There are 2 protein chains.
Amino acid sequence: MPVTAVASHSTVDDIVTHLTEAVHEHRLQPGTKLREDEVCEIFGVSRTLVRQALRSLEYQGLLTIEKNRGAFVAKPSLKEAREVFQARALLEPSTARAAAERASRADIAKLERHIQEEHEAIDRGEAGLALKLSGDFHLEIARIADQDTIEQFLKQLISRSSLVIALYWRRRNALCESHAHHALLDALRNGDGETADELMKGHLLDLLSQLDLRERTEGPVSLRDALKR
Amino acid sequence: MPVTAVASHSTVDDIVTHLTEAVHEHRLQPGTKLREDEVCEIFGVSRTLVRQALRSLEYQGLLTIEKNRGAFVAKPSLKEAREVFQARALLEPSTARAAAERASRADIAKLERHIQEEHEAIDRGEAGLALKLSGDFHLEIARIADQDTIEQFLKQLISRSSLVIALYWRRRNALCESHAHHALLDALRNGDGETADELMKGHLLDLLSQLDLRERTEGPVSLRDALKR
DNA sequence: TAATCGAAAATTGTATACGATCTGAATGAT
DNA sequence: ATCATTCAGATCGTATACAATTTTCGATTA
């Protein structure tokens, strides 16, 4: 079972948090259906709260809710995948720049711990966890920049990035991006906004280049549609 | 009463749409409380659907929901106000550029009608309606650019801009920005992305300059806090 | 008079009940 | 055998009932 059982009487936030982590760590694959009753049993609450949580995750871009059919882990299309990284390319460089100009010693220390955890996860072969931590690193930079609005958008974009990676990642093995994070950290430590900006831009382009976003026959079209003439 | 009564058995989308328009047109002021029962009566549905709609508007940034206290039209702080326009400055210029490179004759015609309606609203002295239409103009550009993700973010940002304007607008009278929209339209018509980019940047700076975002004693602090020593 | 307390009313939070829609297997017709 | 149909079970959508919390307002007291 992909989602571990949880003590009874969870709050909506509990449900959201647990499901979010499960998706970010690729324990829940795109397309997976989340039946309301099932989620109810796992978290020990009524459908009312579960439905609230599922809606919340839909707004976050992690789920797709189809009327009268249920909630599914989202499957971003190629277009959406490109858009996610285009939007990140617009928002993150200048955010990294602002972060470099504001980062305190405590902020730097926190980022160092982050990278450390990332390494450990990779060493233990927990690719899913490493991916989630990598996303958290980017979010942490937005937090340091003290840009709540942009941080909120980035949260959505990084969530969707996680789904994009699940669907379109080329090499299942090494995601050797911790080097880029190290370089970014150096720039932040030196208060070098200009460099942080460019490193982030490059880092995102690098990520994008590791995805397979070439045009392809988009999913299994329904037989009826395929034969229509 | 700020919100007009509506036929029974509305859908969630109906409620969201009507309330959104009311806020965008400044018929509902920041800070106004929206009691669930009241909204139920107006739209002729049960609290279940109303609560869904209110949540949805919270995610959109139009409402703030305080636990056990209810939903209120949001009151963006000075910091949020600045962030909203900073985010728009990051997203909209490149979106306008993309729109200029893609706009069809039909798109241009639609924008022309938009501006026309804007003028008519101003002539009739309906400042609220004019403001809403002005926001729609910006959204339409994102739609033309065919950038769903950014359009979604802009929807939120423009919603919040409407609240920011309600709170921090300097001159209550003329919002003479239709000139800027005309210039933008020309650039789009000519397929001149570079110019569209710069016009949009300037337009946003211009808007920002018409707001009074100077530091001030932030709202009426509670007496107890004010006297604390 | 002003402040404090408490109980009732108002309001929101959560669970449950009921209705609508979808799904899928069994049945029957071609 | 294949396709259409029907009906029961599963699942989601909405309304309502009940619980928890906040708000209001009058009574009490310093």
Side-chain angles (χ1 to χ4, degrees), chain A residues 1-3 5-19 28 31-59 62-75 220 222-228, chain B residues 1-3 5-19 28 31-59 62-75 220 222-228:
Chain A
M1 199 185 295
V3 178
V6 158
S8 294
H9 301 298
S10 311
T11 67
V12 171
D13 279 348
D14 287 335
I15 305 174
V16 169
T17 304
H18 274 84
L19 290 179
L28 282 171
T32 307
K33 174 164 185 177
L34 280 69
R35 280 191 307 107
E36 295 179 355
D37 284 335
E38 197 174 353
V39 182
C40 287
E41 285 179 23
I42 292 173
F43 291 94
V45 292
S46 77
R47 282 177 57 217
T48 307
L49 300 190
V50 167
R51 285 172 66 83
Q52 263 185 252
L54 295 180
R55 274 274 178 238
S56 172
L57 290 165
E58 186 193 26
Y59 289 121
L62 282 178
L63 302 184
T64 303
I65 296 181
E66 297 178 32
K67 180 162 167 108
N68 280 320
R69 294 206 359 104
F72 304 82
V73 178
K75 292 205 280 191
S222 85
L223 184 58
R224 187 170 300 278
D225 285 349
L227 298 181
K228 195 178 293 174
Chain B
M1 196 186 298
V3 178
V6 158
S8 294
H9 301 296
S10 311
T11 68
V12 172
D13 279 347
D14 287 336
I15 306 173
V16 169
T17 304
H18 274 83
L19 290 179
L28 281 171
T32 307
K33 174 162 183 177
L34 281 70
R35 280 191 306 105
E36 295 179 356
D37 283 336
E38 199 174 351
V39 182
C40 288
E41 285 180 23
I42 293 172
F43 292 94
V45 292
S46 79
R47 283 178 57 219
T48 306
L49 299 190
V50 167
R51 286 173 66 83
Q52 263 185 253
L54 295 180
R55 276 272 176 239
S56 171
L57 290 165
E58 186 193 27
Y59 290 119
L62 282 177
L63 302 184
T64 303
I65 296 181
E66 297 178 30
K67 181 164 166 106
N68 281 320
R69 294 205 357 102
F72 305 82
V73 178
K75 290 206 281 191
S222 84
L223 184 58
R224 185 170 302 277
D225 285 349
L227 298 180
K228 196 177 292 176

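In what follows, chains are A, B, ... by sequence order, proteins preceding strands, each numbered from 1. Keep in mind that what you see is a predicted model, and the values were worked out from it rather than measured.
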| request: Mind checking side chain to side chain donor-acceptor pair (under 3.5 Å) for A:R35 and listing every partner two or more places apart, or none if nothing turns up? | output: none

| field | Partner residues of A:Q52 under the side chain to side chain donor-acceptor pair (under 3.5 Å) criterion, sequence neighbours left out | value | none

Interface polar pairs with nucleotides 22-25 of chain D, N/O, under 3.5 angstrom:
from	atom 1	to	atom 2	distance (Å)
D:dT23	OP1	B:R69	NH1	2.0

| Rounded distance in Å - CD (B:E66) to C1' (C:dG13) | 15 Å

| message | What is the separation between atom CD on A:E41 and atom C1' on C:dA15, rounded to the nearest whole Å? | response | 16 Å

| Between C1' of D:dA17 and CZ of B:R51, the distance in whole Å | 14 Å

| field | A:D13 CG - C:dT14 P separation (whole Å) | value | 11 Å

| said: Applying side chain to side chain contact (heavy atoms under 4.5 Å, CB included) to B:R69 and B:F72, what does each step give before you reach the verdict? | reply: CA-CA 9 Å; B:R69 294 205 357 102; B:F72 305 82; 3.5 Å; yes

| task | Would you kindly give the CZ-to-P distance between B:R47 and C:dT14, to the nearest whole Å? | result | 11 Å

| query | What residues, two or more places apart in sequence or in another chain, satisfy side-chain contact (heavy atoms from CB on, under 4.5 Å) together with B:R47? | reply | B:E36, B:D37, B:C40, B:R51

| request: Quickly work out the A:R55 CZ to C:dG13 P distance and round it to whole Å. | output: 18 Å

| For C:dT14, does either OP1 or OP2 sit under 4.0 Å from a side-chain N or O belonging to A:T48? | no

| query | Please give, in whole Å, the distance from D:dA15 C1' to B:L49 CG? | reply | 9 Å

| query | Are any of A:R35's side-chain N or O atoms less than 4.0 Å away from OP1 or OP2 of D:dC12? | reply | no

| Could you state the CD-P distance from B:Q52 to D:dC12, rounded to the nearest angstrom? | 14 Å

| field | Residues which pass side chain to side chain donor-acceptor pair (under 3.5 Å) with B:T11, listed by chain and number, not counting sequence neighbours | value | B:D14

| task | Name all residues meeting the side-chain contact (heavy atoms from CB on, under 4.5 Å) criterion together with A:S56; count only those two or more places apart in sequence or in a different chain, and write none if there are none. | result | A:V16, B:Y59

